[in-house]
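Take a look at the structure below.
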2 protein chains.
Amino acid sequence: MSRLSRDDVIEAAGRLFAKQGYHATSMRDLGGELGILGGSVYAHVSSKEELLVEVVQRAGRLFGESAEQAMSSSEHPEDQLKALIRGHIGVVLDHRDEAQTFLNEATALGESNRQAIVGERDTYEALFRSVIADGITEGAFRSDLDANLAATFVLSILNAIERWYRPDGRVDPASLTNDLHRFAISGIS
Amino acid sequence: MSRLSRDDVIEAAGRLFAKQGYHATSMRDLGGELGILGGSVYAHVSSKEELLVEVVQRAGRLFGESAEQAMSSSEHPEDQLKALIRGHIGVVLDHRDEAQTFLNEATALGESNRQAIVGERDTYEALFRSVIADGITEGAFRSDLDANLAATFVLSILNAIERWYRPDGRVDPASLTNDLHRFAISGIS
DNA sequence: CCTACCGATCGGTAGG
DNA sequence: CCTACCGATCGGTAGG
């Protein structure tokens, strides 16, 4: 056993925050997960909230990068929407702990930190809205359903995936992407 | 100010559990909300978890009653699905605190209590699956999308409503029901 | 429902 | 990263 890195500590924190929640996780729990004492965690970070900030920021960065890549992958709203869906699913499934903490524990952040990541999330969600709105303008999607509401529905499905998806289950990521995309597209086109 | 009833206490607990989360709510917080001391809450309940159990059970009962009513309102899967959607939205919007606690804080329950309400929830969700499956059998819905996945998508949207819905916003319950129903139906028919 | 309190646990620190 | 500890807060109780 070599010494722990700061990354090891943040990763373990993400694991526990995702599984038990932020408030139900003590610094002694985290120490136990790492094989050290609770007080020793303070050799790597200066507060418990700093850990939550780091975990949530990682997820925020992953979602942001995914969105950037999805938007530049095509000029067509239909393809952009599919890429956004595929990317979101990828982030949620490849970084479950961070994503779960981001989605469920961000409320535990202090005011200023919380507002910062809410801002990030709003920017991300606005992309879904504008892509759907563009698709309506271009005639690719139908126009009787509000673009904002459609985006909210799609994001609701995406954000719930971590609540039911099992990696060893019958659904694989690629077909989930296809099925969700088809479901969404049928709903709006 | 007359004396508080046990119902008053459970209601206040639901309010705080929904807003701050179970673990972030102390018995002293709850006392403060009620104008009494933290220790005095134990004149009405015998433990903090009992409060959570009561709040979550109330929500469970409401969802169960809504489902029962929806199923007996028609024989046609299409109408039953719409009634299920309408009922779920009604519960979430008319009993926000209980519904929110049910959806977000059930993980804080002890093992046996948690398994009991997970069972209730599974029964409830199974209704959505079977209604959609029936609709496929009868030819009312299309059959290229798995009924289980479609039910999961619809429930994902329903369960996310408490996260974004604002009573003073532009969306009213009836049109939300219509829009979601149309979105779902397009996705499966 | 209050007074007065209990043991346990919490986040965090000084010094090594 | 450990030892040894701090003040604060937690869920909960006996007795009135």
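For the numbers below, each heavy atom of this structure counts, side chains included, while hydrogens, waters and symmetry mates do not. Keep in mind it's a predicted model, so treat the numbers as computed, not measured. A note on names: the letters A, B, ... follow the listed sequences, proteins ahead of strands, and every chain is numbered from 1.
Identified under the ring-ring contact (aromatic ring centres under 6.0 Å, His included) test for residues 153-174 of chain A, with sequence neighbours left out: A/F153-B/F183. Each side chain to side chain donor-acceptor pair (under 3.5 Å) pair with one or both residues in residues 56-69 of chain A, not counting sequence neighbours, appears once here: A/D7-A/R58. Residue pairs meeting the side chain to side chain donor-acceptor pair (under 3.5 Å) criterion with at least one partner in residues 31-42 of chain B, sequence neighbours excluded, are B/R15-B/E33. For residues 43-52 of chain B, the set of pairs meeting the side chain to side chain donor-acceptor pair (under 3.5 Å) definition, not counting sequence neighbours, comprises B/R6-B/E50, B/S46-B/E50, B/E49-B/N113.
Contacts of B/S26 classified as side-chain contact (heavy atoms from CB on, under 4.5 Å), with partners at least two apart in sequence or in another chain: B/R28, B/D29. In terms of the salt bridge (Lys or Arg N to Asp or Glu O under 4.0 Å) criterion, A/E75 has no residue partners (sequence neighbours excluded). Not counting sequence neighbours, the partners of B/R129 by the salt bridge (Lys or Arg N to Asp or Glu O under 4.0 Å) test are B/E125.
Scanning DNA chain D for stems, defined as runs of 3 or more consecutive Watson-Crick or G-U wobble pairs whose donor-acceptor distances all fall under 3.5 Å, gives the following ranges: C:1-16 with D:1-16.
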Report summary line: Per-nt protein contacts along nucleotides 2-16 of chain C (heavy atom under 4.0 Å; B base, S backbone sugar-phosphate only, - none) come out as BB------BBBB---
